[in-house]
2 protein chains.
Amino acid sequence: MQLNELSQRSGVTPASIKYYLREGLLPPGEAVHATRAEYSAGHLERLELIQALRQVVGLNIGQIRGLVKMADDGVPRLDLLAAVQRVVLDLGNYTTSVGGEAAEATDAVVRFRGWPDSASDARNALTAHLELMAGLKIPVSETVLEAYSKAMDDVAGLDIAATTAPESTDRLILTAAVGMHMHSQLLLKLLALAQASHAIRRYHG
Amino acid sequence: MQLNELSQRSGVTPASIKYYLREGLLPPGEAVHATRAEYSAGHLERLELIQALRQVVGLNIGQIRGLVKMADDGVPRLDLLAAVQRVVLDLGNYTTSVGGEAAEATDAVVRFRGWPDSASDARNALTAHLELMAGLKIPVSETVLEAYSKAMDDVAGLDIAATTAPESTDRLILTAAVGMHMHSQLLLKLLALAQASHAIRRYHG
DNA sequence: CACGCATGGATAGTGGCTCTATCCTAAGGC
DNA sequence: GCCTTAGGATAGAGCCACTATCCATGCGTG
């Protein structure tokens with residue numbers, strides 16, 4: 001198919017498709033000659049991925065480019081999922097701080113939860129976040145950390161099970177990113193409702 | 001104090017202060033005459049609030065304006081806290097959909113958690129979010145909803161206790177917004193770590 | 001008393017981001 | 001052989017959060 005058909009099937013305007021091509025999110029079509037290029041079902045799938053990551057998950061072009069580059073480079077699926085987790089849950093690119101109270105608190109959490117204690121983006125992100133909270137003078141007691149981590153341990157026991165290993169890499173990224181995002185948002189909505197409920201109980205009953 | 005001193009004490013450039021004045025985030029100083037205005041400690045506090053909401057919580061100018069307007073209008077503290085929760089946890093302005101599977105699921109959660117079942121932003125947001133997930137073909141089983149809500153119920157039992165009712169309304173908003181944001185982010189970091197840990201156990205142990 | 005310079009106020013410009021519109025050339029189809 | 005249309009390049013738009021410039025005013029300093 002050519003650009004126009006790709007546009008109509010995906011619902012993305014030709015101008016935007018050209019933009020994604022320029023930005024390297026969409027690989028160029030196979031040039032049949034100087035002024036015609038042929039696009040495949042893979043391009044359509046890629047466009048759906050881009051749309052979902054932009055509109056549902058809210059990633060920016062750079063983040064999307066990072067993910068699709070990995071996909072195109074044939075990076076192993078586990079690494080891909082880790083990358084998806086990093087951008088979707090905003091684990092950032094923190095400088096790995098090695099000592100300090102925050103690192104100790106992270107160690108403590110990992111220990112009393114019995115989690116495997118290997119280094120990871122999530123671990124660095126947690127340490128960095130605890131440092132940030134300390135810097136903002138927001139105390140995080142061991143009690144809170146224990147309760148939160150227990151709650152998240154319970155939650156993590158379930159949701160990955162739903163992922164029914166998709167066929168293509170693009171679809172894997174799509175389902176993983178959208179699933180992670182929607183589930184984390186679901187958690188926050190439930191937290192809001194729980195907090196509101198507790199507040200009502202406290203003040204009105 | 002005058003603009004320049006306010007700028008130096010707050011660390012905000014005069015140009016930005018003028019911008020906040022124009023946008024109605026910062027009330028005008030008391031005009032001593034045509035070309036001089038005097039700013040108070042309240043202005044400094046307001047600037048600190050704006051800074052925190054922009055840089056830490058990541059709110060935009062419109063959201064901040066909404067909150068400070070409420071503060072200036074002397075809205076009751078509980079309403080203020082509800083507004084803070086709405087913008088910080090992204091509860092949005094959803095159209096209150098009354099019926100449908102999602103609404104039933106929300107009812108079910110509230111029922112088996114024993115939460116007071118009054119209408120609220122959080123409740124609408126949850127229903128809307130469940131509808132969104134259904135639209136995206138992401139199934140949310142009752143098991144997941146039960147586990148998630150249980151976890152959030154446990155979490156909500158703790159963290160509001162830390163709020164030591166601050167003196168001024170601006171400080172109340174600041175501590176509430178920053179606290180909510182950082183705690184919710186903490187939860188997501190812990191979720192990431194928990195998921196990574198479960199994944200490792202599954203694949204390597 | 002007069003001059004210079006900071007202040008407040010208005011207006012316009014900047015830079016980043018994500019598109020979107022225009023223009024041009026080169027072909028394919030009728 | 002002409003007209004439509006794809007593809008490619010470039011420039012522009014619109015939003016956001018500032019940031020810089022300009023100007024009249026009038027306080028403070030000498």
Side-chain angles (χ1 to χ4, degrees), chain A residues 1-40 43-44 46-69 87 90 93 177, chain B residues 1-40 42-44 46-69 87 90 177:
Chain A
M1 89 193 89
Q2 293 184 344
L3 196 149
N4 216 23
E5 189 181 347
L6 182 63
S7 163
Q8 290 184 334
R9 287 225 251 165
S10 64
V12 181
T13 63
S16 292
I17 293 177
K18 287 180 176 185
Y19 171 65
Y20 295 146
L21 284 166
R22 284 199 300 282
E23 292 294 324
L25 306 192
L26 197 59
E30 197 182 349
V32 297
H33 62 263
T35 73
R36 295 290 144 119
E38 190 69 17
Y39 300 99
S40 67
H43 287 90
L44 193 53
R46 174 61 58 89
L47 269 180
E48 283 161 11
L49 173 60
I50 294 169
Q51 291 268 89
L53 294 183
R54 282 282 310 131
Q55 295 169 16
V56 180
V57 186
L59 300 187
N60 63 35
I61 300 298
Q63 292 170 321
I64 296 174
R65 180 165 39 223
L67 291 179
V68 301
K69 278 250 165 72
V87 294
D90 193 27
N93 288 321
Chain B
M1 97 193 84
Q2 293 185 346
L3 195 149
N4 216 24
E5 188 182 345
L6 183 63
S7 164
Q8 290 183 335
R9 287 224 251 167
S10 63
V12 181
T13 63
S16 292
I17 293 176
K18 286 180 175 185
Y19 172 65
Y20 295 145
L21 284 166
R22 284 200 299 284
E23 291 295 325
L25 306 193
L26 197 59
E30 198 182 345
V32 297
H33 60 263
T35 73
R36 296 289 143 120
E38 189 69 18
Y39 299 101
S40 67
H43 287 91
L44 193 53
R46 174 60 58 90
L47 269 180
E48 283 160 11
L49 173 61
I50 294 169
Q51 291 268 88
L53 294 182
R54 281 284 309 134
Q55 294 169 17
V56 180
V57 186
L59 301 187
N60 64 35
I61 299 298
Q63 292 170 321
I64 297 174
R65 181 166 37 226
L67 291 179
V68 302
K69 277 253 167 71
V87 294
D90 192 28

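Here is how names work: the chains are called A, B, and so on, in the same order as the sequence lines, proteins then strands, and each is numbered from 1.
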Treat primed atoms plus P, OP1 and OP2 as sugar-phosphate and everything else as base, then score nucleotides 25-30 of chain C 5' to 3': B for base contact with protein heavy atoms under 4.0 Å, S for sugar-phosphate contact only, - for none. -SSS--

Go along nucleotides 12-21 of chain D 5' to 3' and tag each nucleotide: B for a protein heavy atom under 4.0 Å from its base, S when only backbone or sugar atoms are that close, - otherwise. -----BBB--

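A donor-acceptor contact shorter than 3.5 Å is absent between the side chain of B/S10 and the backbone of B/L47.
With a 4.5 Å cut-off on side-chain heavy atoms, B/T13 and B/K18 do not count as touching. Counting heavy atoms from C-beta outward, A/L44 and A/Y39 have side chains that stay 4.5 Å or more apart. Using a 4.5 Å heavy-atom cutoff, the side chains of B/L67 and B/L59 are in contact. Side chains of A/L49 and A/L53 form a contact here, defined as non-hydrogen atoms less than 4.5 Å apart. Side-chain contact between B/Y20 and B/V12 is present, with heavy atoms from C-beta onward closer than 4.5 Å. Side-chain atoms of A/L25 and A/R46, non-hydrogen and from C-beta on, never get closer than 4.5 Å to each other.
The CD1-C1' distance, from A/I17 to D/dG8, rounds to 15 Å in whole Å. Protein atom NE2 of A/H43 is 14 Å distant from nucleotide atom C1' of D/dG7, rounded to whole Å. Straight-line distance from the CE atom of B/M1 to the C1' atom of C/dT7: 16 Å, rounded to whole Å. At whole-Å resolution of the value, CD in B/E38 and P in C/dG8 are 9 Å apart. With rounding to whole Å, A/E5 atom CD is found 11 Å from D/dG7 atom P. Rounded to whole Å, atom P of D/dC27 lies 18 Å from atom CG of B/N4. Nucleotide C/dT11 holds its P atom 16 Å from the CG atom of B/L21, rounded to whole Å.
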Pair A/I64, A/N60 - check side chain to side chain contact (heavy atoms under 4.5 Å, CB included), show working. CA-CA 6 Å; A/I64 296 174; A/N60 63 35; over 6 Å; no

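Judged as a salt bridge (charged side-chain N to carboxylate O under 4.0 Å, His left out), and not counting sequence neighbours, A/R36 has no contacts.
Note on A/E23: nothing from the nucleic acid sits closer than 4.0 angstrom, heavy atoms only.
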